[in-house]
4 protein chains.
Amino acid sequence: MPKVTEAYKQQKRDAILEGALDCFSGKGYAGTTIDDIAIHLGVSKGSIYTYFQSKEDIYIRLMEKRMNTMVNSFKTKFQAHESATEKLNYMFQRFIDQPLEDLRRLLKFHLEFTIHSSRNEDMQAQMDGNNQKALGMILEVIREGMESGEFRQELDAGIVTSLFWAVRDGIALHFLSDGTKDQFNRLIHEWKEMLFRYINMSYAPRGNTW
Amino acid sequence: MPKVTEAYKQQKRDAILEGALDCFSGKGYAGTTIDDIAIHLGVSKGSIYTYFQSKEDIYIRLMEKRMNTMVNSFKTKFQAHESATEKLNYMFQRFIDQPLEDLRRLLKFHLEFTIHSSRNEDMQAQMDGNNQKALGMILEVIREGMESGEFRQELDAGIVTSLFWAVRDGIALHFLSDGTKDQFNRLIHEWKEMLFRYINMSYAPRGNTW
Amino acid sequence: MPKVTEAYKQQKRDAILEGALDCFSGKGYAGTTIDDIAIHLGVSKGSIYTYFQSKEDIYIRLMEKRMNTMVNSFKTKFQAHESATEKLNYMFQRFIDQPLEDLRRLLKFHLEFTIHSSRNEDMQAQMDGNNQKALGMILEVIREGMESGEFRQELDAGIVTSLFWAVRDGIALHFLSDGTKDQFNRLIHEWKEMLFRYINMSYAPRGNTW
Amino acid sequence: MPKVTEAYKQQKRDAILEGALDCFSGKGYAGTTIDDIAIHLGVSKGSIYTYFQSKEDIYIRLMEKRMNTMVNSFKTKFQAHESATEKLNYMFQRFIDQPLEDLRRLLKFHLEFTIHSSRNEDMQAQMDGNNQKALGMILEVIREGMESGEFRQELDAGIVTSLFWAVRDGIALHFLSDGTKDQFNRLIHEWKEMLFRYINMSYAPRGNTW
DNA sequence: AATGAATGAGGTTTCATTCAT
DNA sequence: TATGAATGAAACCTCATTCAT
């Protein structure tokens, strides 16, 4: 079996990360044992250490991969949407389209990782980098919309970006353990309503002068 | 004599919970050992088990206590504020007034607990109860505002309530590990702006000073 | 059982060290598991960690204790012997009197520790300290003999001291695995002969003038 | 073709043993992994198992080879030295000429092997054989000296031989971790002095220059 | 009620050895 | 013959919990 291709190894690494995600999101970082991951994948405990240095290494690489995948996916899709408004709409639609269970799974992992990294100097720096990528992606859209005249000129793009993510995470957080998909969708819809009402040029208040 | 004893016991329980909060928020649930708590409090490991059944028991009682304390505190304060708008304003002000470090500490505990409880049937039910109290508190305010004509009639009070908490938690989450107090304040301010713009009947900013 | 006396704890520590010595000398450092020591002593694995920080800690404390015990024992006995010659004679007699199996056991431990410490910065410093005590003890005797006129004036006391220990260890090393007690005794005897012939005033060479 | 193959195989075996010596002496038997050896040599882990059955096998073969090499080397050199005294002098000179670091490295390996073998029946027998070769080599020299009248007739050649090796090993042991080359040389010198003073018929120092 | 020594299950990681390629 | 991924036993150490004092 040895002398395998680089592609094989990459595939193996990915498979381990995928299996680890299942375990971490299901049982938490502390609650997941290397044995859990190994058994879940049907491989030996030792083989995991051929590809990763430690449990924490798996955790970190997993987050890295997810963030890159997510940002790249959005960036690619954004190219198919002309205006900033359409791009934001696309994002909202993605939230709506995603099965709630998937969202929960991923969110548990994300949240726990965020807390975990906030207690670890080394992870902190890397996590900041990850976050910058995601924030930067939206920041660009907001700026694009302000330049194109879609959004109000006097907005602070950075603040709006922060709000955008904050609300998404907050909503997901509140749906972490209960709530139906229908409730979730209505909340996303309302948030979209609230956001556009706040940033849009054309969402001019009805009869108000401010 | 029994009365004194009971008071003493309650005091002891509270002290342990307080010490446990320091530890849990600082090092996380898994990262905190019973020894950590005992040493932090200057008591013996054994004495902790006189007052609580297990580590998880401490964790759960602590959250219970915090939730009750917070909701009761808000409810009491609300009585001093006439309108729904003033009540919401009071809440925003509380967020602003709270030192960022305190917020971070507490949020880490809350978030971790939320995730933790989402993986445990028993904790789930109790956590739902806790959340209902907090949500209910805001729900009342929103309804009050809608009835008084302060807020738009066509709002879905439940959705607005969910959004209110979701944004608060989302913002706190994003400030978990970095960001200055100034940035935080600006974000809270912007959120307030966005929220009122969304729910208010005629949101006439008073000289734009808020 | 808790709230035990300091004496109890010291006794426990000593018992663990004694049990560890049996294991380390019998199976070597690497070959000895914490479980071996625990089982040998009839205590739980965990309790060992109540008294020592790690396997290496046990190893180091054990050597420390043995060295101190040995040096103190010799120093005390030396007081009963007037001349330097008598003191050296006493040492030789100790080697003769000691059961060969005991010597082997202890030597295995000592030798392995010496090698082990030569590969570890931290242990090195401490081991040097231990060695200085043992060397210093003999150095005093040699100097005493030179001052009293028992030994030759032109000797380098430090060199003689080194030789003294080196030969003892060398002999013990060669008897590590085989050889009878009788052979061992004859070798010790011959060494004594050789040493005194070298250092003694009265061992004046027969007819030689140097 | 088979001849070439056999030579190649022998060369490979030797290379592995050489690399293993570097690792074993540097990190100890337990501290050396098969990977260490493989990486040090730039070969694969698997290839090592083509030439040796196990880690212990390498260890044993290595000692075997070293012992044979050493004894053969001395025996060859001895032919160039006429008298027993000259032969012993040659050995002393070898100790002096050898860089201290080399000596340390090799001694660590030898000592650890000695201890290791003392705990293993099979290795014991083989080690005894090795030792007999080395002891026998010196034994011959001592006997030669006694027959030629260089050394005292009443000596027990076996005992002197044992002492000879014991002192050498003892000195090396004491220089295992510290001490300068200068100190080492003086000790070797003093040992030589002591030994000749003990075994020589008429040990007339030539102007006291050695 | 308070103490803290004792317990032992369970976790992470290492590494000699095997074997498919 | 060479490779190195895979295996899994086994090691060290932690820590929630118990219980004798």
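In the text below, chain A, chain B and the rest are named by the order of the sequence lines, each starting its count at 1.
In this model, the phosphate group of dA2(E) is not approached by any side-chain N or O of S44(B) to a distance below 4.0 Å at OP1 or OP2.
When both distances must be under 3.5 Å, the Watson-Crick or G-U wobble mate of dG8(F) is dC15(E). Nucleotide dA20(F) forms a pair with dT3(E), judged by Watson-Crick or G-U wobble geometry with both contacts under 3.5 Å.
Taking SG from C23(A) and NE2 from H40(A), the interatomic distance works out to 5.0 Å, rounded to the nearest 0.5 Å. Atom OH of Y59(B) sits about 9.0 Å away from atom OG1 of T32(B), to the nearest 0.5 Å.
Between the NZ atom of K45(A) and the P atom of dT13(E) there is a distance of 11 Å, given to the nearest Å. Look at OH on Y8(C): it is 14 Å from P on dG4(E), rounded to the nearest Å. Rounding to whole angstrom units, CZ of residue R13(D) and P of dA2(F) are separated by 13 Å. dA6(E) atom P lies 11 Å from atom CD of Q11(C), rounded to whole Å. With rounding to whole Å, I58(D) atom CD1 is found 12 Å from dT17(E) atom C1'. Rounded to an integer number of Å, the gap from Y59(D) OH to dC15(E) P is 16 Å. Taking atom OH of Y49(A) as the reference point, atom P of dT17(E) lies 22 Å away to the nearest angstrom. As rounded to whole Å, 12 Å separates atom P of dA16(E) from atom CD of E56(D).
At the heavy-atom level, F52(C) lies nowhere under 4.0 Å from the strands shown.
Between I39(B) and K45(B) the shortest side-chain heavy-atom distance does not fall below 4.5 Å.
Nearest approach of R13(C) to Y51(C), heavy atoms of both residues: NH1-O, 2.8 Å.
Panel note: side chain E112(B), backbone Y29(B); a donor-acceptor pair is recorded below 3.5 Å.
With the nearest nucleotide of DNA chain E identified for both S47(C) and Q53(D), S47(C) has the one nearer the 5' end. The nearest heavy atom of DNA chain F to K9(A) and to G31(C) marks one nucleotide each, and the one closer to the 5' end goes with K9(A).
Closest contact between the side chain of K55(B) and the listed nucleotides dA16(F), dC13(F), dA6(E) involves dA16(F). Ranking dA5(F), dT1(F), dC12(F) by closeness to the T50(D) side chain, first place goes to dT1(F).
Ion pairing between E18(C) and K65(C) holds under the 4.0 Å rule for side-chain N and carboxylate O.
A donor and an acceptor atom, one from each side chain of S54(C) and D57(C), are nowhere located under 3.5 Å apart.
Contacts between residues 32-39 of chain B and DNA chain F, defined by a heavy-atom separation under 4.0 Å, are made by T32(B), T33(B), I34(B).
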